[in-house]
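One structure is given below, encoded as C-alpha cells.
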There are 2 protein chains.
Amino acid sequence: MKDSYHHGNLRNALIEAGLKIINESGEDALSLRKVAAACGVSHAAPYAHFADKESLIEAIKKKVTDDFTEELERSVHAPGVTNSVEAILSMGEAYIMFFRNKPDYFNFLFNKQKIQVHTDMTKEYEDDYPPFLLFRNLIKKFFEENHVELPADQQEIMLLKTWSAVQGLSSIASMEGVEVKTPWEVLARECIKGGE
Amino acid sequence: MKDSYHHGNLRNALIEAGLKIINESGEDALSLRKVAAACGVSHAAPYAHFADKESLIEAIKKKVTDDFTEELERSVHAPGVTNSVEAILSMGEAYIMFFRNKPDYFNFLFNKQKIQVHTDMTKEYEDDYPPFLLFRNLIKKFFEENHVELPADQQEIMLLKTWSAVQGLSSIASMEGVEVKTPWEVLARECIKGGE
DNA sequence: TGATAAACTTTACACTGTCAAGATTCATTT
DNA sequence: AAATGAATCTTGACAGTGTAAAGTTTATCA
C-alpha cells in the first residue's frame, strides 16, 4: 500500500486508521502522529489532506454518520415493516441499538458537532442532519397515510416528541453503569410509542 | 488569597479556575498548567490535590452536577406545583432548560462519566446518579398518589419513558444548529406528557 | 521536455501531562 | 518550646503533542 513516495490513497487511509484507533483506544488516544505512523508516513504528512486535527476528526465523524444513516435506512426495509408506524418504531429501535452497541459513538458524534435541523415540515431541507431527515420524512409519511391534518406547531411537537424519545434512550443506552431489566429493543419501542 | 508558600484553599481554587476556563473557552482549552497559573501556583502544584488531569475534571464535573441537582430540587418547590404530575413536568422542564442555557454542559457531564442507575423501584439506591434519583422518586410518588399498581417491568418502562424524553430533549436542546418555533419550555412539557 | 502543482519529509518550536527531587510550611507529639 | 514527619508547593526534566516553514520527491500537463 506504500510502495512509493506518494501513498496514493492517504486521505482515506488516515480516516480509516483514525477510526481504528478510536474504536480500539478511544478518542483521547487519537493523535495525528499516531495516525500518520499507522499509515507509514511522516508526522506532518496529514497536513497535505487536512487543515488540522479537528478536520480529520470531522472527516471520521462524517464516515461514522454515513454508516449510521445507512443502518437506519436499512431498518425500514426490514421484514414486518408494512406501514409508517412500524417504520418509525423499527428505525427508532435501530437508532437506539446503534448506540447501545457502540456506546462511545454517542458522544463522539454529537459532541461539538453543529447539527443542522429544521422542524418545519412544509418545506424540504436537503442539508439537514441525515438521521433526523429520515425521521422527519417518516413522520410526514405517517401524517399522509393517516390523513392527519395538524397545525404546524402540533406537527413540530410530534416530530420532536419522537426524536427526543429516541435521542434520549440512545443517550441513556450509551451510559456506563445503567442496567435495565427490559431488553433495550423493547424499551426502544415502548419509549417511542405515544407520540403517534 | 496567596500570601504564603501554602495557598490555603488550592483544591477548591483549582476547581473554580478550571470551571471558569471551561465556561469561557471550552473543555479543550483546559490545561493543568493554565489552571495552576490562574491560581498563581507552579505547574506541578495540582498534583498535591489531584492524581492527574482526569481527576481534576471529575471534581469539576461533580461540582457542576451538584449545581444541576440543586436546580432540579428547587424546581419542584416552584409555585403551582401541587401534585406529582406537575412536579415531574416542572423538574423535566428545569432539566431541559439547564442544558439549553449551558449547551456545552451536556457533553461535558455525560461524556466518559460512569453514571450509576437502578431502575428497580422497590429498593433504595442512595449512590445512584442524583438527578436520576430525583426523577425516580417523583415517579414513585406519582404511583403512590394515584394508587397505581403496575408490574415491575411496566414501572421500569414508565420511568425510562419519562427520563428518555427529558434526556433526549436536553441532548437536542444542546445542539448547535437546531432551531424550533415552539418555546423550549413548552416543548419540554409536551415531550414529557404521555408517560404518566 | 520542462514547468507547475501536489504529496510528502525534515526540522523546529511551543505547549502539554507527568514524574522525581528538593524546598517550605504545617501539625502533632514529646 | 523543639523536633519530627507529613502535607504542600517549586524546580527541572522528559516524552508526546499540534503545527508551521522549508526543502524534496513525484505526478500532471502544456
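We name chains A, B, ... by the order of the sequence lines, and we start the count at 1 in each one.
Protein atom CZ of B:F50 is 16 Å distant from nucleotide atom P of D:dA7, rounded to whole Å. Atom-to-atom, NZ of B:K53 to P of C:dC15 comes out at 15 Å; the value is rounded to the nearest Å. If you measure from atom CZ of B:R11 to atom P of D:dC9, you get 12 Å, rounded to the nearest angstrom. Taking atom CG of residue A:D52 and atom P of nucleotide D:dT17, one finds them 17 Å apart after rounding to whole Å. Note: CG (B:L10) to P (C:dT25) measures 16 Å, nearest angstrom. For the pair A:Y47 OH and C:dA6 C1', the computed distance is 18 Å after rounding to whole Å. Following rounding to the nearest Å, A:L14 (CG) and C:dC8 (C1') show an atom-to-atom distance of 12 Å.
The only option from B:F99, B:F106, B:F132, B:F110 that meets the ring-ring contact (aromatic ring centres under 6.0 Å, His included) definition with B:F68 turns out to be B:F99. Each of B:I157, B:D153, B:L160 was compared with A:E190 under the side chain to side chain contact (heavy atoms under 4.5 Å, CB included) criterion, and only B:I157 meets it.
The residues A:K140 and A:E124 are annotated as salt-bridged, a charged nitrogen and a carboxylate oxygen being separated by less than 4.0 angstrom. Here B:D104 does not pair with A:K112 in a salt bridge; the nearest charged N to carboxylate O distance is not below 4.0 Å.
The nucleotide whose nearest atom lies closest to any side-chain atom of A:V41 is, among D:dG18, C:dT18, C:dC8, C:dC8.
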What nitrogen or oxygen pairs link the protein and nucleotides 11-16 of chain D at under 3.5 Å?
from	atom 1	to	atom 2	distance (Å)
D:dG12	O6	B:H43	NE2	2.6

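If you find the closest nucleotide of DNA chain C to B:L30 and to A:N9, the one lying nearer the 5' end belongs to A:N9.
Checking the phosphate oxygens (OP1, OP2) of D:dC9, a side-chain nitrogen or oxygen of B:H49 falls inside 4.0 Å.
Scored by the ring-ring contact (aromatic ring centres under 6.0 Å, His included) test, B:F108 finds no partners at all (sequence neighbours excluded).
Residues A:Y95 and A:E71 bring no donor and acceptor atom of their side chains to less than 3.5 Å of each other.
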